[in-house]
Number of protein chains: 2
Amino acid sequence: MDVDTRLLRYFVAVAEEGTLTRAAERLFVSQPALTKQIKQLETRLGVRLFTRSRTGMALTEPGRALAERVPGLLADWDQVLREAKSAAGRAARVLRVGFLASAANEATPRIITEFARRRPGWRADMRQATWSNPSAGLADGDVDVALLRMPFPGQDALRTAVLFTEPRWVALPTGHPLATCDLIAFDDLRDEPFVAAPPESGWWRDHWLAVDERDGHPVTIGAVTDQPDDWLSAIANGYGIAFAPASAARFYARPGVTYRPVSGISPSRVGVAWSPADDTDPVVQDFVRCCLDHGPRPGENSA
Amino acid sequence: MDVDTRLLRYFVAVAEEGTLTRAAERLFVSQPALTKQIKQLETRLGVRLFTRSRTGMALTEPGRALAERVPGLLADWDQVLREAKSAAGRAARVLRVGFLASAANEATPRIITEFARRRPGWRADMRQATWSNPSAGLADGDVDVALLRMPFPGQDALRTAVLFTEPRWVALPTGHPLATCDLIAFDDLRDEPFVAAPPESGWWRDHWLAVDERDGHPVTIGAVTDQPDDWLSAIANGYGIAFAPASAARFYARPGVTYRPVSGISPSRVGVAWSPADDTDPVVQDFVRCCLDHGPRPGENSA
DNA sequence: CCACATCCATGCCGTCAGGTTATAGGTGCA
DNA sequence: TGCACCTATAACCTGACGGCATGGATGTGG
């Protein structure tokens with residue numbers, strides 16, 4: 001009996017949400033489409049999976065049996081897929097490197113150069129991730145190693161090493177009243193509207209909104225962006241301000257955007273991360289060593 | 001990344017066969033269709049799975065990684081499906097009983113009656129299997145318990161119990177020269193054309209062609225059938241002869257077909273089988289007990 | 001040396017499954 | 001009674017998948 005894994009994901013969504021309507025919006029499909037798909041799944045398997053009612057969709061006994069095991073199956077499939085992709089990289093002598101926009105900034109080219117020197121014949125395939133993906137694709141197995149900003153969601157399941165630390169500054173529209181100050185106190189920024197990362201990024205978003213430093217004070221979100229260009233535009237257009245690593249002042253300079261140091265806010269750490277499965281992979285470990293040796297530069301950026 | 005399991009089966013087939021053409025005929029699709037599907041799988045996964053050449057399709061490194069794990073995934077999925085179906089039966093108080101045509105014959109109604117008495121509220125859903133399916137659907141998880149002829153392929157992975165034994169007779173066209181004999185020696189039948197079960201049934205087919213008793217003597221196949229009606233027609237029409245349990249003489253009497261005892265051939269056993277997972281299932285075990293208690297009848301059929 | 005066999009790839013076309021929007025059909029609630 | 005929630009159905013469009021016919025490359029045998 002053949003099924004598309006998409007159908008299984010649909011099923012899981014309905015089982016978890018309890019109603020077609022809610023599951024449909026979570027899956028970004030229309031409710032009639034889901035109705036048809038679920039119905040088709042039931043006829044294909046020859047098993048009634050839900051009992052319908054005005055209150056929603058309740059799992060039947062066989063439905064429960066299925067709902068118990070399907071998520072595991074999907075996870076297995078994703079894992080197999082990860083393995084195949086990583087095998088592809090290894091075979092082609094390509095190290096897939098994910099990096100978050102604004103992660104290592106100036107350090108990145110140094111690291112890559114060093115890697116090329118240490119591993120002739122290998123190529124580093126650099127993939128810039130959006131901010132909706134704070135692990136830069138590592139959690140999804142899309143890359144072998146990632147340069148990113150710590151802490152980030154899911155880092156407990158991965159290996160990480162900190163390369164260097166740099167202060168967090170604030171990016172303001174140039175016309176902003178505080179843009180002329182040499183040093184801004186965090187307290188003066190608390191009630192400003194902020195340009196934030198997308199919600200999918202979880203508490204990584206909160207970290208860059210400095211939620212920890214606010215003592216419960218609510219945040220005003222002026223705009224949501226997931227890449228530097230949009231982010232710069234949003235700030236220049238006055239939708240809000242945002243914290244950024246100090247190096248962004250050099251790396252993402254743009255007319256209309258002014259960077260200023262901030263006091264009263266913790267610094268940001270740049271890290272390299274990899275999967276525990278690659279602890280013994282010589283290429284991945286070489287890359288990590290390149291990061292550790294050539295990421296931090298004496299006197300640059302360090303806080 | 002979503003994929004249809006059908007696509008994965010396609011992939012496995014090509015990986016195993018080594019050429020698109022052969023895999024295509026095994027899958028009963030055209031070769032261009034397979035070409036397109038495999039290509040699509042590769043683009044969907046973003047991984048080159050095969051290297052093409054005039055000699056066929058050879059797995060790449062990532063292809064090998066995939067080919068190693070996908071069969072396990074498919075097996076898992078089939079297993080989950082089995083569980084769900086069996087849960088459906090349990091919830092509806094339906095015991096799914098598979099039976100091979102000509103398995104228990106007269107004993108079947110006795111068993112069912114007894115089961116209905118012992119488990120009021122439960123219903124036995126009887127499903128007759130064709131001879132291409134000697135486990136009567138048990139191996140595929142289509143049924144909870146099966147009445148069948150032993151031995152059968154795959155029985156080692158299942159629980160079985162023998163109900164009774166009966167001699168194997170031979171079914172001949174009524175006009176056959178040997179049809180008048182009271183007892184026929186197996187040696188006299190060796191060179192006759194036989195009506196056989198489909199090849200999918202594996203060595204079960206061989207068992208009913210008495211290959212073991214032939215000492216390497218080849219079999220002549222006159223026709224292939226997978227259900228009693230076709231089987232009777234084939235014999236009556238003179239395409240061949242066939243061995244059959246003695247009870248078939250009563251249960252499958254038909255003009256033009258004559259049954260005669262045979263000497264020099266082992267008897268046939270009727271058994272009940274179930275999955276080890278149901279060793280503790282009270283309903284399945286009740287059914288098995290009904291079989292053991294009411295399957296064999298003193299003085300009937302026993303060899 | 002020229003058919004021939006055996007691979008895989010491509011183009012064209014018909015069919016059907018999956019998606020969309022709009023709407024119907026229940027049922028609890030203010 | 002009208003609204004707010006469900007799910008189901010209808011009509012329609014697009015694209016994926018499969019089939020056939022054919023092309024292109026490459027060894028093989030007469």
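Order of the sequence lines sets the chain letters (A, B, ...), proteins ahead of strands, with each chain counted from 1. Note that this is a predicted model, so its numbers are computed, not measured.
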For DNA chain C, which residues of residues 3-30 of chain B approach it to below 4.0 angstrom with any heavy atom? B:Thr19, B:Leu20, B:Thr21
Under 4.0 Å, counting only non-hydrogen atoms across every strand here, what does B:Ala33 touch: a base, just sugar-phosphate, or nothing? sugar-phosphate
Who are the ring-ring contact (aromatic ring centres under 6.0 Å, His included) partners of B:Phe194, not counting sequence neighbours? B:Phe243
Categorize A:Gln31 for me: base, sugar-phosphate, or nothing, with a 4.0 angstrom heavy-atom threshold over every strand shown. base
Nearest whole angstrom, please: distance from the C1' of C:dT10 to the NZ of B:Lys39. 8 Å
Would you find a donor on one side and an acceptor on the other, under 3.5 Å apart, between the side chain of B:Arg214 and the backbone of B:Leu209? yes
With sequence neighbours excluded, what pairs up with B:Arg52 under the side-chain hydrogen bond (donor to acceptor under 3.5 Å, both in side chains) test? B:Glu42
Any residue meeting side chain to side chain contact (heavy atoms under 4.5 Å, CB included) with B:Gln37, in chain and number order, not counting sequence neighbours: B:Arg6, B:Leu7, B:Tyr10, B:Gln40
5'-most contact on DNA chain D (nearest-nucleotide basis), B:Arg44 vs B:Pro32, goes to B:Arg44
Rounded to whole angstroms, how far apart are CG on B:Leu41 and P on D:dA16? 15 Å
Could you list the residues that satisfy ring-ring contact (aromatic ring centres under 6.0 Å, His included) with A:Phe11, not counting sequence neighbours? A:Phe50
Compile the donor-acceptor pairs under 3.5 Å between side chains in residues 87-101 of chain A and protein atoms, sequence neighbours left out, one pair per line.
residue	atom	partner	partner atom	Å
A:Arg90	NH2	A:Ser86	OG	2.7
A:Arg96	NE	A:Asp144	OD2	3.2
A:Arg96	NH1	A:Gly141	O	3.4
A:Arg96	NH1	A:Asp142	O	3.2
A:Arg96	NH2	A:Asp144	OD1	2.8

Net bend of the helix from C:dC1-D:dG30 to C:dA30-D:dT1, end axes of five pairs each, nearest 10 degrees: 10°
List the residues meeting side chain to side chain contact (heavy atoms under 4.5 Å, CB included) with B:Gln155, not counting sequence neighbours, and say none if there are none. B:Met150, B:Pro151, B:Phe152, B:Thr160
Return a table of donor-acceptor pairs under 3.5 angstrom between the side chains of residues 226-240 of chain B and protein atoms on other chains or two or more places apart.
residue	atom	partner	partner atom	Å
B:Asp229	OD1	B:Arg254	NH2	2.9
B:Ser233	OG	B:Asp229	O	3.0
B:Asn237	ND2	B:Ser233	O	3.2

Classify the side chain of B:Gln40 and the base of D:dA16 as holding, or not holding, a donor-acceptor pair under 3.5 Å. no
Run the side-chain donor-acceptor check on residues 76-85 of chain B: report pairs under 3.5 Å with partners two or more places apart or on a different chain.
residue	atom	partner	partner atom	Å
B:Trp77	NE1	A:Met1	O	3.0
B:Gln79	OE1	B:Arg82	NE	3.0
B:Gln79	OE1	B:Arg82	NH2	2.9
B:Gln79	NE2	B:Glu83	OE2	3.2
B:Glu83	OE1	A:Arg69	NH1	3.2
B:Glu83	OE2	A:Arg69	NH1	2.8

Heavy-atom donor-acceptor pair, B:Lys36 side-chain to D:dG19 base, under 3.5 Å: yes
Pairs in or reaching into residues 128-139 of chain B: which pass side chain to side chain donor-acceptor pair (under 3.5 Å), with residues at least two apart or in two chains? B:Thr130-B:Ser132
Per-nucleotide protein contact along nucleotides 25-30 of chain C, 5' to 3', at a 4.0 Å heavy-atom cut-off (B base, S sugar-phosphate only, - neither), is --SS--
